[in-house]
Amino acid sequence: NLTSTQISGLTALQVARLTAAELGALTTTELQSLNTTQVRALTAAQIGSVGTTTLNDLTTSQITALTAAQTRGLTATQLDGLSTANFRALDANEFSTAQISALTSTSLGNLTSTQSAQLLATQIVRLSATQIGYLSTTAVQGLSTTQTASLTTTQVGRLSATVLNNLTTTQVAALNTTQARSLTVTQINALSTANFGALDLNELTTTQVAGIIGGTLAYGAGMNASFADYDNDGWLDIYNTQIRSEHAWFAESPTVNRYMMNSWKQGVWKSDMPLYWEMFKQSGFGRDKSLHALEGFTQLKTTWLDLSGR
């Protein structure tokens, strides 16, 4: 039967002695009459024992006032049951690693870009690839390059195409060599044009590059040739279109990397690369732009012309 005035007059010691049942018996108005000092007087045990209804009766200002110890006293069930507004009022860097590992799709989907930016590297590494997949585009893009760099190779190698494409080009460009090399060929091929262009191809392995081009470079060397402006100097260059991926010529930078980046810069990626991928075949003419390939589909014809004027 306490009034809001009486509730607001309780000392910190008195608040700390309230049981979970007593807290649960308070009305919304009575709960919301607690000031910041009183809210912070609640013990972690008290916080962890109240129901989600009681927690959601608190205002966002009261939730924001919770200390790190109080936040870490919340159970996974409580976090999952918080309203979107109250969950977003929490300071994400105060979550324990155990809480991070237990966050559900509901909780992770409610993370704002501000909260994702608050996550510590020790918290980020505890997220599973599945959990990262629950993050909204805004939350993913809220991660700093430092936070992105804290992702483990296991996490990066299991990220879905959706999550990878939710990253900004700046975040993709910030991937270090170890992270870039943990990407599967499937992941790389699923990248958007912009995000693929942000990758540093020099950091990829020859296996990854071979997979990007079509997965056939590791086969025996062929007898075909093609032409393209490989060095971007305005002149066509003739080169072998079939070579084993372990050969030094292929492995050396910037041979294939440079060729692919020039295709990007010249704006012919979408139109020409599908044809270029077909160049890399084990044998035969291939569907490329080689003059030698065209000879197989042409026939020499002799024409007599009378130029005497008679």
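One is the number of the first residue; the rest follow in order along the sequence.
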For Gln62 and Leu34, run side-chain contact (heavy atoms from CB on, under 4.5 Å): C-alpha distance rounded to whole Å, both residues' side-chain angles, the deciding distance at 0.1 Å, then the answer. CA-CA 8 Å; Gln62 290 173 312; Leu34 293 171; 3.7 Å; yes

As a quick check of understanding, evaluate side-chain contact (heavy atoms from CB on, under 4.5 Å) for Ser61 and Thr64, giving each step before the final call. CA-CA 5 Å; Ser61 297; Thr64 302; 5.6 Å; no

Pair Leu66-Ile47, side-chain contact (heavy atoms from CB on, under 4.5 Å): steps then yes or no: CA-CA 10 Å; Leu66 293 176; Ile47 292 290; 4.0 Å; yes

Using side-chain contact (heavy atoms from CB on, under 4.5 Å), reason through Val172 and Phe196 one step at a time and then give a plain yes or no. CA-CA 8 Å; Val172 173; Phe196 180 83; over 6 Å; no

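Residues Leu164 and Asn195 fail the side-chain proximity criterion, which asks for heavy atoms closer than 4.5 Å. Taking 4.5 Å as the limit, some side-chain heavy atom of Leu119 sits within range of a side-chain heavy atom of Gln147. Side-chain contact between Leu82 and Leu55 is present, with heavy atoms from C-beta onward closer than 4.5 Å. The shortest distance between side-chain heavy atoms of Ile7 and Leu31 does not fall below 4.5 Å. A heavy-atom distance below 4.5 Å is found between the side chains of Phe95 and Leu90. A 4.5 Å side-chain heavy-atom check between Leu108 and Leu127 finds at least one atom pair inside the cut-off. In this structure the side chain of Gln38 reaches within 4.5 angstrom of the side chain of Leu10, judged on heavy atoms. Put simply, the side chain of Glu30 does not reach to within 4.5 Å of the side chain of Asp57, judged on heavy atoms.
To the nearest 0.5 Å, atoms CD (Gln208) and CG (Leu199) are separated by 8.5 Å. To the nearest 0.5 Å, the span separating CZ on Arg17 from CD on Glu22 amounts to 12.0 Å. For the atom pair CZ of Arg158 and OG of Ser182, the computed distance is 11.0 Å after rounding to the nearest 0.5 Å. Atom CG of Leu58 is separated from atom OG1 of Thr53 by 11.5 Å, given to the nearest 0.5 angstrom. Distance CG/Asn202 to OG1/Thr177: 9.5 Å, rounded to 0.5 Å. With rounding to the nearest 0.5 angstrom, the CG atom of Leu167 is 7.0 Å from the CG atom of Leu175.
Minimum interatomic distance between Ala41 and Ala16 (heavy atoms only, all atoms of both residues): O-CB, 3.5 Å. Nearest heavy-atom pair across Thr75 and Gly48 is CG2-O, 4.0 Å. Between Gln115 and Arg88, the shortest heavy-atom distance links the atoms NE2-CA, 3.3 Å. For Thr52 against Thr77, the heavy-atom pair with the smallest separation is CG2-O, 3.9 Å. Heavy-atom minimum distance, Ser116 versus Ala139: OG-O, 2.8 Å. Here the closest heavy-atom approach between residue Val163 and residue Gly133 is recorded as CG2-CA, 3.5 Å.
Gln131 places no side-chain N or O within 3.5 Å of a backbone atom of Ser105 that could act as its donor or acceptor partner. The backbone N or O of Thr67 lies less than 3.5 Å from a partner atom in the side chain of Thr71, making a donor-acceptor pair. Between the side chain of Gln32 and the main chain of Thr29, no donor-acceptor pair closer than 3.5 Å is present. No side-chain donor-acceptor contact under 3.5 Å links Gln118 to the backbone of Glu94. Formation of a donor-acceptor pair under 3.5 Å by the Ser49 side chain with backbone atoms of Gln46 is found in this model. Panel note: side chain Asn56, backbone Gly51; no donor-acceptor pair is recorded below 3.5 Å. At distances below 3.5 Å, not a single donor-acceptor pair connects side-chain atoms of Gln187 with backbone N or O atoms of Ala161. With hydrogens and angles ignored, the 3.5 Å screen pairs a side-chain donor or acceptor of Gln179 with a backbone N or O of Leu151. A distance-only check finds a donor-acceptor pair linking the side chain of Gln78 to the backbone of Val50 [under 3.5 Å].
Atom CZ of Arg72 sits in a crowded spot, with more than 12 heavy atoms from other residues, nucleotides or ligands closer than 6.0 Å.
A continuous path of Ile, Leu, Val, Met, Phe, Trp and Tyr side chains, each step under 4.5 Å between heavy atoms, connects Leu42 with Leu18, placing both in one hydrophobic cluster. In terms of hydrophobic clustering, with Ile, Leu, Val, Met, Phe, Trp and Tyr side chains grouped at heavy-atom distances under 4.5 Å, Leu120 and Val140 are assigned to different clusters.
Residues Thr97 and Arg126 bring a donor and an acceptor atom of their side chains to less than 3.5 Å of each other.
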